[in-house]
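Presented below is the structure to which this report refers.
Please read these numbers as outputs of a predicted model, since none were measured by experiment. All heavy atoms count here, side chains included; hydrogens, waters and symmetry mates do not.
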Amino acid sequence: MRRLLVLLCVVMGVPAQAQTVQRLGVFGLVESLEPLVVAGQQITLPDDLRLISPLGPDQEIALGETLAVTAQLVDGQVLATRMLQIFAVVGPVGVVHGQSATVMGSEVHIPPDLSLKSGKWVAISGLWSGETVITTKVREVGAGGFAHLVGVMSEEGLRLGGSGVWNGSTPQEGFGQSIWSVSGAPVDDGIRASLLARGVFGGAVDLAVWQGYASAPIASQTYTVHGTGVIGAASDARMPVAGALITRCAQAKRVVRTAPDGMQSAFDVLGCASRLQAG
């Protein structure tokens, strides 16, 4: 039977191992450009790979920005096959209070070396901590374009972070703990949605590295990684400190402490075991 399968693959021009290719994901902050390091993971970039960005074509990656990289394990390297630029919030700045501001109703924390001006359109890179974005990079963008929000929708209503979401139709199965990208027109305390899309990796992945801020402990000694939908438990290693910046490997949004079946090599290359000790 095995010989027959191989023969059929050869005759049909289909690689015999096509069904075993594993899709990996890496989500987090850009820590280095050459080589590219995202969430502590070094990533190899093919020369012809183009960056996908909500700001349009011909964008460049910058330190402190957030990326969602889809990849494969090739010869022990994490080889990118898709790269999406993530902005937690894109829209007009509302009220500025010292080191914080609101953008479409969501609070963004401003590092001391950055500044925001009311009325300016900005693209905010960073990670959610509760309903606040901890800002790591700010880009000024032209006014009048599409506003964006990226994160986990509230179970209590159509809200993402501190922003209301209007005109968004709820999926039959609900929003769950998936990451959603919302695009549309800004309003004072939210967004009038014209497009909602689930996920950041362009489809399901077999194993992913997720970076974000840890929630406080919740029922049954579990925690979440804010803005990602990833759920971990104290039994994984130890309960992280609430508000700590952590990275975790997860399969189907559940933190894994041992390699899933058939994924030992990916588990090792992604440093999944060592990531459990951080935070």
Donor-acceptor contact below 3.5 Å, side chain Trp128 vs main chain Val150: yes
Hydrophobic cluster identity match, Leu63 and Leu51, side-chain contacts under 4.5 Å: yes
Hphob cluster co-occupancy, Val26 + Leu24, side-chain heavy atoms under 4.5 angstrom: yes
Worked verdict on Trp210 versus Phe201 for ring-ring contact (aromatic ring centres under 6.0 Å, His included): CA-CA 12 Å; Trp210 293 93; Phe201 295 126; 5.2 Å; yes
Note, Leu127 side chain near His226 side chain (heavy atom, < 4.5 Å): no
N/O donor-acceptor pair under 3.5 Å between Thr102 side chain and Val95 backbone: yes
Gap between atom CE of Met239 and atom OG1 of Thr222 - 0.5 Å precision: 6.5 Å
Donor + acceptor pair across side chains of Glu65, Gln85 (<3.5 Å): yes
Other residues, nucleotides, ligands: >12 heavy atoms within 6.0 Å of Asp113 CG: yes
Under 3.5 Å donor-acceptor, Thr224 side chain and Gly229 backbone: no
Cluster link Val141 to Ile124, ILVMFWY, side chain under 4.5 Å: no
Within-4.5 Å side-chain heavy-atom neighbours: Val269 and Val78: yes
Point-to-point distance, once rounded to the nearest 0.5 Å, from CG of Leu79 to OG1 of Thr44: 6.0 Å
Polar contact flag, side-chain donor to acceptor under 3.5 angstrom, Ser163-Ser106: yes
Lys120 NZ: over 12 foreign heavy atoms closer than 6.0 Å: no
Closest heavy-atom pair and its distance - Leu45, Ala80: CD2-CB, 3.8 Å
Flag, side chain of Arg248 to backbone of Arg275, donor-acceptor distance under 3.5 Å: yes
Joint cluster assignment, Ile191 & Leu195, ILVMFWY side-chain distance < 4.5 Å: no
Min side-chain heavy-atom separation Leu207-Cys272 under 4.5 Å: yes
Donor-acceptor pair, side chain of Gln251 and main chain of Ala208, under 3.5 angstrom: no
CD1-CG distance between Ile110 and Leu116, expressed to the nearest 0.5 angstrom: 4.0 Å
Short side-chain donor-acceptor distance under 3.5 Å, Thr247 and Gln211: no
Non-hydrogen side-chain atoms of Ile246 and Val225 separated by less than 4.5 Å: yes
Side chain to side chain, Val165 and Met153, heavy atoms closer than 4.5 Å: yes
Heavy-atom check, side chain of Glu31 versus side chain of Val38, under 4.5 Å: no
pair Leu73-Ser265: side-chain heavy atoms closer than 4.5 Å: yes
Straight-line distance of Gln72 CD to Gln77 CD, nearest 0.5 Å: 13.0 Å
Donor on one side chain, acceptor on other, Ser183 and His148, under 3.5 Å: yes
Validation row: Val256, Cys249 side chains within 4.5 angstrom (heavy atoms): yes
Value rounded to 0.5 Å, distance of CG in Leu84 from CD1 in Ile86: 4.0 Å
Side-chain (Thr135) to main-chain (His109) donor-acceptor, under 3.5 angstrom: yes
ILVMFWY cluster, Tyr223 and Phe27 together (side-chain gap under 4.5 Å): yes
Atom CZ of Phe267 with >12 non-hydrogen neighbours under 6.0 angstrom: yes
Separation between CG of Leu67 and CD of Gln41, rounded to the nearest 0.5 Å: 13.0 Å
Arg50 side-chain N/O to Pro57 backbone N/O, donor-acceptor pair under 3.5 Å: no
